[in-house]
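Written below as structure tokens is the structure these notes are about.
Numbers restart at 1 for each chain; the letters A, B, ... are given by sequence-line order, proteins then strands.
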Number of protein chains: 2
Amino acid sequence: MGNSDITRDKLIAAATQAFWEQGYSNTSLRKIAQVASVDVALISRYFGGKLGLFKATLTKALDWPELVSPDNDPVEVVIEKYANPESDAHQTSFIRMIVMNANDPQVGELVRQTLRDKLFDPLEARMGGQKASTRLAMFIAVVIGASMVRQSLQLPGMAAVEPDVYARQLRHMIEAALQFDEDPVGP
Amino acid sequence: MGNSDITRDKLIAAATQAFWEQGYSNTSLRKIAQVASVDVALISRYFGGKLGLFKATLTKALDWPELVSPDNDPVEVVIEKYANPESDAHQTSFIRMIVMNANDPQVGELVRQTLRDKLFDPLEARMGGQKASTRLAMFIAVVIGASMVRQSLQLPGMAAVEPDVYARQLRHMIEAALQFDEDPVGP
DNA sequence: TGAAAATGTCAACACTTGTTGACTTTTTAG
DNA sequence: CTAAAAAGTCAACAAGTGTTGACATTTTCA
């Protein structure tokens, strides 16, 4: 491991935290470099610029093999993550980062595309069955909405609540979403 | 109506659109002034600065009396808004604006606070009953998550779908959310 | 050891941002 | 009509942005 690799890792670590907390546009390279104790110029040298650094953090953050693995049930993986207070904080800020940057005029398209490629498409294939795309969309909607309400908007009904209660709320909504029947008329 | 009021309105209109589409930090006063055909300096003069202008647009946007009225069922108001293609576009971008700016380091706290005061608290009072805060939180979670998935992330399962189908999906998830029973053990 | 490559440092650049003050034009009112 | 107030115009500011190139230091390896 060369010295430059250490520098790269320090930059990615600092950049990930900064981008997740403040979003792409509100994060300055000088602040990242300061936190990483690295000269600003090295960012452009090693990652080609701000966008390159963001891409690097995004790729790393969206690498989530356990969620897509055929051995696991995605629903259980998600619920377990959120029911655990430690991983909960990490996961909710992960969602927050997605939501923030998926609407950013500069990196929004990149975020949405990467999200599709690395998470949604494999997840849809993993879920399988009829109307997988519908069930996936409603599943994601619940997970994202719940995270927003719990962490970002902090509505007491979901924010000031024990992790196990939140897990039950989440499971309740997810199961309901997965049971949606596209055709309103029975067979 | 003095001439300055016309200028104020033009600025608020242009600012609302810009803030909703690109978020607070990614919107420059010069761009707003250009769209409104007004000199930049007048913004600081009339609204005290960028933050003041944002506050003005926010207050106006969060004024939604029909949702809180005792004569209407909030759930039906929301579903109706989203089932109508015209108001759907407006409403989803409304949610998008909230999500974008509720996480902004500069205006996030203001947005969340205003949201609580003008929407969530009255809505909770309007819903009433036991565990109103829980039901409200889960209700909001579904609405926000669905909007994100449909407009922002554009998952085909909810994005490439007729308005009436989307309305059914939304209703299904909302009703499930409202039926959540906090206590897992029956009486 | 010594040349070459890798890594790090520093200063400056062109650009955009929000805001301010001096100034001119238009409208208001006695 | 005319003086005062309102409304609008223009240029400049200080601060912050990402990026670049020249230079210094360290490491690599023949």
With sequence neighbours left out, write down each residue that passes side chain to side chain donor-acceptor pair (under 3.5 Å) with [X], or none if nothing qualifies.
X       : result
D164(A) : none
E76(A)  : R171(A)
E175(B) : none
D88(A)  : R150(A)

Polar-atom pairs under 3.5 Å, protein N or O versus N or O of nucleotides 24-29 of chain D: list them with distances, or write none.
none

Can you tell me how far [atom2] of [Y] sits from [atom1] of [X], rounded to the nearest 0.5 angstrom?
X       : Y       : atom1 : atom2 : result
F120(A) : Q113(A) : CZ    : CD    : 11.5 Å
R8(B)   : I6(B)   : CZ    : CD1   : 12.0 Å
N72(B)  : R126(B) : CG    : CZ    : 7.5 Å

Q: Step by step, work out the side chain to side chain contact (heavy atoms under 4.5 Å, CB included) result for L53(B) and I32(B).
A: CA-CA 10 Å; L53(B) 178 58; I32(B) 293 177; 4.0 Å; yes
Q.
Using only modelled atom types and a 3.5 angstrom limit, is any donor from either the side chain of R30(A) or the base of dG16(D) paired with an acceptor on the other?
A.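 There is none.
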**Q.** N/O (side chain, T7(B)) to phosphate O (OP1/OP2, dA7(D)) under 4.0 Å
**A.**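 No, no such contact exists.
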**Q.** Residues touching DNA chain C, which here means a heavy atom under 4.0 Å, drawn from residues 35-45 of chain A
**A.**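 Those residues are D39(A), A41(A), L42(A), R45(A).
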Q: Could you list by number each residue of residues 46-58 of chain B showing a heavy-atom separation from DNA chain C of less than 4.0 Å, or answer none if no residue does?
A: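 Within residues 46-58 of chain B, the residues near DNA chain C are G49(B), K50(B).
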How many Å lie between [atom1] on [X] and [atom2] on [N], as a whole number?
X      : N       : atom1 : atom2 : answer
I6(A)  : dT7(C)  : CD1   : C1'   : 12 Å
K31(B) : dC15(C) : NZ    : C1'   : 17 Å
K10(B) : dA7(D)  : NZ    : P     : 14 Å
Q34(A) : dC10(C) : CD    : C1'   : 17 Å

Q: Search all heavy atoms of V161(A) against all heavy atoms of P156(A) and return the closest pair with its distance.
A: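 Taking V161(A) first and P156(A) second, the nearest heavy atoms are CG2-O, 4.4 Å.
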Q | Partners passing salt bridge (charged side-chain N to carboxylate O under 4.0 Å, His left out) against R135(A) (at least two apart in sequence or in another chain) | A |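 Expected list: none.
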Q | Global bending angle along the helix from dT1(C)-dA30(D) to dG30(C)-dC1(D), which compares the axes of five pairs at either end, to 10 degrees | A |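 Rounded value for the end-axis angle: 0°.
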Q | ILVMFWY cluster, M100(A) and L58(B) together (side-chain gap under 4.5 Å) | A |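 Cluster IDs for M100(A) and L58(B) differ.
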Q. By ring-ring contact (aromatic ring centres under 6.0 Å, His included), which residues pair with F54(B), not counting sequence neighbours?
A.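 For F54(B) the ring-ring contact (aromatic ring centres under 6.0 Å, His included) partners, ignoring immediate neighbours, are F19(B), Y24(B).
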Q: Would you please name every residue forming a ring-ring contact (aromatic ring centres under 6.0 Å, His included) with F139(A), sequence neighbours left out?
A: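 By the ring-ring contact (aromatic ring centres under 6.0 Å, His included) rule, F139(A) matches no residue at all.
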Q | Parallel, tilted or perpendicular, as decided by the 30° and 60° cut-offs, for the rings of H172(B) and F180(A) | A |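 Ring orientation of F180(A) relative to H172(B): perpendicular.
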Q: Could you label the plane-to-plane angle of the H90(B) and W20(B) rings as parallel, tilted or perpendicular, counting under 30° as parallel and over 60° as perpendicular?
A: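 Plane angle between 30° and 60°, so tilted.
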Q: May I ask you to say whether E109(B) pairs ionically with R116(B), meaning some side-chain N is under 4.0 Å from a carboxylate O?
A: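 Salt bridge present between E109(B) and R116(B).
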Q: Within residues 20-29 of chain A, find the residues that approach DNA chain D with a heavy atom at under 4.0 Å, and present them sorted by residue number.
A: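 DNA chain D contact set from residues 20-29 of chain A: T27(A), S28(A), L29(A).
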